[in-house]
Engineer: 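Have a look at this one.
To find a chain, count down the sequence lines: A is the first, B the second, and so on, and within it residues start at 1.
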Number of protein chains: 2
Amino acid sequence: MYSFTEENYLKTIFYLSIGAKEGVSTNALADSTNTRAASVSDMLKRLAEKGLINYQKYRGVTLTEEGERLALLVIRKHRLWEVFLAEKLQFGWDEVHVIAEELEHIRSERLIEKLDAFLGYPKFDPHGDPIPNAAGEMPRFIYRKLSEIVEGTTVVMTGVSEHSPAFLQHLDKAGLTLGCQLKVNEISDFDKSVSVLIDNVRTLFVSHEVAKNLLVK
Amino acid sequence: MYSFTEENYLKTIFYLSIGAKEGVSTNALADSTNTRAASVSDMLKRLAEKGLINYQKYRGVTLTEEGERLALLVIRKHRLWEVFLAEKLQFGWDEVHVIAEELEHIRSERLIEKLDAFLGYPKFDPHGDPIPNAAGEMPRFIYRKLSEIVEGTTVVMTGVSEHSPAFLQHLDKAGLTLGCQLKVNEISDFDKSVSVLIDNVRTLFVSHEVAKNLLVK
DNA sequence: TAAAAAATTTAGATTAATCTAAAAAAATTA
DNA sequence: TAATTTTTTTAGATTAATCTAAATTTTTTA
Ligand SMILES: [Mn+2]
Ligand SMILES: [Mn+2]
Ligand SMILES: [Mn+2]
Ligand SMILES: [Mn+2]
């Protein structure tokens, strides 16, 4: 059994590793976990001893196979609880993350498998992120950002790359929800803002800042 | 915010206080929490400083009003989660307790109020125990034990005073569930076992040991 | 490439929660 | 009531997770 803290480190290392070719740095971890570099160094020693990370002093870390499996199981729990909170308890997608941060550490395999069944084996969480399976495997979808779509193209909103409540609430106000159809009418030369036709009904201007964080396919 | 450990102490003091006229003893707490008396002494000092218990050295403890309110809020969460596990996830009543021991510490008032609504504001948990309200108030029902019912009387099974999986599984095998009607046919002079007519259909012999732990009204 | 800057680790503390062993207080018994 | 036993508290350690300050290593810059 691993502590909440250890589980959180694994998860953080997993996320910081995405798309990185080097190991994750001590400072990056200190930032993400709101601790000091010295505390991170300490913890890395312990995680390395337990065989969950590959660690050489001053070099940065990567997860071992076992470490990644565990990280993905925590992420699985996190995302399944987010689905539960959003679909069954009617929480907004801007509210589910903080609560799931606690629920993800509940240790019962049976619980999570039954929850999965109760939710109808969802494949994605409320933010469009894929849910790893019980073996700790997760499909990797490669979506484009709305900001990269050329004029005239029609796409579907499949996810967000920014999960802050402020951003999600902004999308709520704009009426942008997962699954909606977006036709890119025009991209402004001036500020790169995007004029999109939503579900063939109404037109909306989306700032470049927002467009960068909208994932589409 | 209180730690899991502190919350567990409050809950344990609450349970050990029921029906006691003296304060709860250090040793009783050490037994219930699987720690040593020295550790309990330590913790009691801290809880007293925080105004959650009334504590004088060598005297034993009682909860303050605030301590009792907090204990009941933890119990509220525990019991609501038990209902969720049993009713929504199809866990047996012998399985829900251990999982609820973890879930009861999730800190989100909104979560628990939404869970309550989702479950249809249940008044009792899967073991027949009443669920405290959001203010930390709990109705106290006084039920009798099946072992105290006189021959010829018909009663309804409303709860259990023993919550071990072994006991609950035993009741499952015997087909004894909450709400079933029990007519006491005869009490054996020899071993105090009770012959009961269940739901007017079949007769069952219940040992005194079991009868003592069945609550009825 | 040597000096300066940045990143990382080590040293030494701190805090919550626990422990064992010893001391002290309360309760029981003779 | 005095001696004995039981209960409880204190003293002093330990462990996980954290911190600040200092030392060390790596990276960048001049
Ligand atoms: Mn999340
Ligand atoms: Mn999510
Ligand atoms: Mn329970
Ligand atoms: Mn219960």
Side-chain angles (χ1 to χ4, degrees), chain A residues 1-14 16-17 20-63 67 70-71 74 101-102 104-107, chain B residues 1-14 16-17 20-63 67 70-71 74 101-102 104-107:
Chain A
M1 287 312 91
Y2 299 100
S3 69
F4 285 23
T5 313
E6 288 171 321
E7 289 190 343
N8 283 333
Y9 267 90
L10 293 177
K11 212 178 42 153
T12 307
I13 295 168
F14 178 86
L16 292 175
S17 296
K21 31 181 86 79
E22 306 234 303
V24 176
S25 75
T26 301
N27 270 350
L29 278 165
D31 278 356
S32 294
T33 56
N34 289 307
T35 56
R36 300 319 179 103
S39 312
V40 173
S41 275
D42 252 351
M43 178 57 86
L44 293 183
K45 250 178 272 168
R46 271 174 277 156
L47 291 175
E49 250 160 50
K50 297 187 181 186
L52 302 174
I53 59 171
N54 305 114
Y55 174 52
Q56 299 172 80
K57 284 203 288 188
Y58 296 100
R59 253 48 235 199
V61 289
T62 56
L63 293 173
L70 289 172
V74 177
E101 283 293 305
E102 294 194 47
E104 72 189 5
H105 301 291
I106 303 290
R107 314 164 192 296
Chain B
M1 287 310 90
Y2 298 100
S3 69
F4 285 22
T5 313
E6 289 171 321
E7 289 190 341
N8 282 333
Y9 267 89
L10 293 178
K11 212 179 42 152
T12 307
I13 295 168
F14 178 86
L16 292 176
S17 296
K21 31 181 86 81
E22 306 235 304
V24 176
S25 76
T26 301
N27 270 350
L29 278 164
D31 278 356
S32 293
T33 56
N34 288 308
T35 57
R36 299 321 177 101
S39 312
V40 173
S41 274
D42 252 350
M43 178 57 86
L44 293 184
K45 251 179 269 168
R46 272 175 278 155
L47 292 176
E49 251 160 48
K50 298 186 180 185
L52 302 174
I53 58 172
N54 306 112
Y55 174 52
Q56 299 172 78
K57 284 204 289 190
Y58 295 102
R59 252 51 228 193
V61 289
T62 57
L63 294 172
L70 290 172
V74 176
E101 284 292 305
E102 293 194 47
E104 72 188 6
H105 301 291
I106 304 291
R107 312 164 192 298

Engineer: Kindly determine whether B:H105 and A:H105 satisfy side chain to side chain contact (heavy atoms under 4.5 Å, CB included), including the steps that lead there.
Structural biologist: CA-CA 11 Å; B:H105 301 291; A:H105 301 291; over 6 Å; no
Engineer: Taking atom C1' of D:dA16 as reference, at what distance in whole Å does atom CE of A:M43 sit?
Structural biologist: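 Result: 8 Å.
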Engineer: List the atom of B:G67, the atom of B:L10, and the distance in Å for their closest heavy-atom pair.
Structural biologist: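 Closest approach of B:G67 to B:L10, heavy atoms only: O-CD1, 4.3 Å.
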Engineer: To the nearest angstrom, how far is B:N34 atom CG from C:dA17 atom P?
Structural biologist: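 Distance check: B:N34 CG to C:dA17 P gives 17 Å.
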Engineer: Please determine whether a side-chain nitrogen or oxygen atom of B:R59 lies at a distance below 4.0 Å from atom OP1 or OP2 of C:dA26.
Structural biologist: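 For B:R59, the contact criterion (side-chain N or O under 4.0 Å from OP1 or OP2 of C:dA26) is met.
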Engineer: How long is the span from the CD1 atom in B:I13 to the CG atom in B:N8, to the nearest 0.5 Å?
Structural biologist: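 One finds 11.0 Å between CD1 of B:I13 and CG of B:N8.
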Engineer: Can you figure out which of C:dT10, C:dA25, C:dA21 approaches the side chain of A:A38 most closely?
Structural biologist: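 Selected nucleotide: C:dT10.
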Engineer: Closest to the A:S39 side chain: D:dT7, D:dC19, D:dA17?
Structural biologist: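 So the nucleotide nearest the side chain must be D:dC19.
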Engineer: Kindly point out which of C:dT9, D:dT18, C:dA26 is positioned nearest to the side chain of B:Y58?
Structural biologist: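 Given the options C:dT9, D:dT18, C:dA26, the side chain of B:Y58 is closest to C:dA26.
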Engineer: Identify which nucleotide among D:dA17, C:dT18, D:dT10 has an atom closest to any side-chain atom of A:T5, counting heavy atoms from C-beta outward.
Structural biologist: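 Within the option list, the nearest is D:dA17.
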Engineer: Between C:dC19, D:dT9, D:dT18, which nucleotide has the shortest distance from any of its atoms to the side chain of A:R46?
Structural biologist: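 Output: D:dT18.
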Engineer: Please tell me which of A:A37 and B:D42 maps to the more 5' nucleotide of DNA chain D, matching each residue to the nucleotide holding its nearest heavy atom.
Structural biologist: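 Upstream on the strand: B:D42.
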Engineer: Can a side chain N or O of A:S25 be found less than 4.0 Å away from OP1 or OP2 on C:dA7?
Structural biologist: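 Looking at the OP1 and OP2 atoms of C:dA7, neither is under 4.0 Å from any side-chain N or O of A:S25.
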Engineer: Among C:dA26, C:dT18, D:dT8, which is the nearest nucleotide to the side chain of B:S41?
Structural biologist: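 Comparing C:dA26, C:dT18, D:dT8 against the side chain of B:S41, the answer is D:dT8.
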Engineer: Carefully, step by step, assess B:E104 and B:E7 under the rule side chain to side chain contact (heavy atoms under 4.5 Å, CB included).
Structural biologist: CA-CA 9 Å; B:E104 72 188 6; B:E7 289 190 341; 5.6 Å; no
Engineer: Taking NZ from B:K45 and P from D:dT9, how many angstroms apart are they, rounded to a whole number?
Structural biologist: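 To the nearest whole Å, that distance equals 8 Å.
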Engineer: Mind calculating the distance between CD1 (B:I53) and P (D:dT8) to the nearest angstrom?
Structural biologist: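 B:I53 atom CD1 is separated from D:dT8 atom P by 13 Å.
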Engineer: Rounded to whole angstroms, how far apart are CZ on A:R36 and P on D:dA21?
Structural biologist: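 Those two atoms, CZ and P, are 10 Å apart.
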Engineer: Would you indicate what B:Y2 reaches in the nucleic acid, counting non-hydrogen atoms under 4.0 angstrom: base, sugar-phosphate, or nothing?
Structural biologist: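 No contact at all - B:Y2 keeps every heavy atom at 4.0 Å or more from the nucleic acid.
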Engineer: Under 3.5 Å, sequence neighbours excluded: what are the donor-acceptor pairs made by side chains of residues 34-49 of chain A?
Structural biologist:
unit_1, atom_1, unit_2, atom_2, d
A:T35, OG1, A:T33, OG1, 2.9

Engineer: Rounding to a whole Å, what distance do you find between A:E22:CD and C:dT8:P?
Structural biologist: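 The distance from CD of A:E22 to P of C:dT8 comes to 11 Å, rounded to the nearest Å.
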Engineer: In whole angstroms, how far is the C1' atom of C:dA17 from the CG atom of B:N8?
Structural biologist: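 Rounded to whole Å, this separation is 13 Å.
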Engineer: If every non-hydrogen atom of B:A71 is compared with every non-hydrogen atom of B:L63, which pair is closest and at what distance?
Structural biologist: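 For B:A71 versus B:L63, the nearest heavy atoms are CB-CD1, 4.1 Å.
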Engineer: Could you tell me the Watson-Crick or G-U partner of D:dA30, where both distances fall under 3.5 Å? Say none if there is no partner.
Structural biologist: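 Base partner found: C:dT1.
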Engineer: Closest approach to the side chain of A:K57, judged atom by atom: which nucleotide of C:dT10, D:dT18, C:dT8 is it?
Structural biologist: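 Closest nucleotide among those given: C:dT10.
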Engineer: CD of A:Q56 versus P of C:dT8: gap in Å, rounded?
Structural biologist: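 The distance from CD of A:Q56 to P of C:dT8 comes to 14 Å, rounded to the nearest Å.
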Engineer: Which part of the nucleic acid does A:Y55 contact within heavy-atom distance under 4.0 Å: base, sugar-phosphate only, or nothing?
Structural biologist: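 Here A:Y55 touches the backbone only, sparing every base.
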Engineer: Just compare C:dA17, D:dC19, D:dT8 and give me whichever is closest to any side-chain atom of B:N27.
Structural biologist: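 Looking only at side-chain atoms, B:N27 lies closest to D:dT8.
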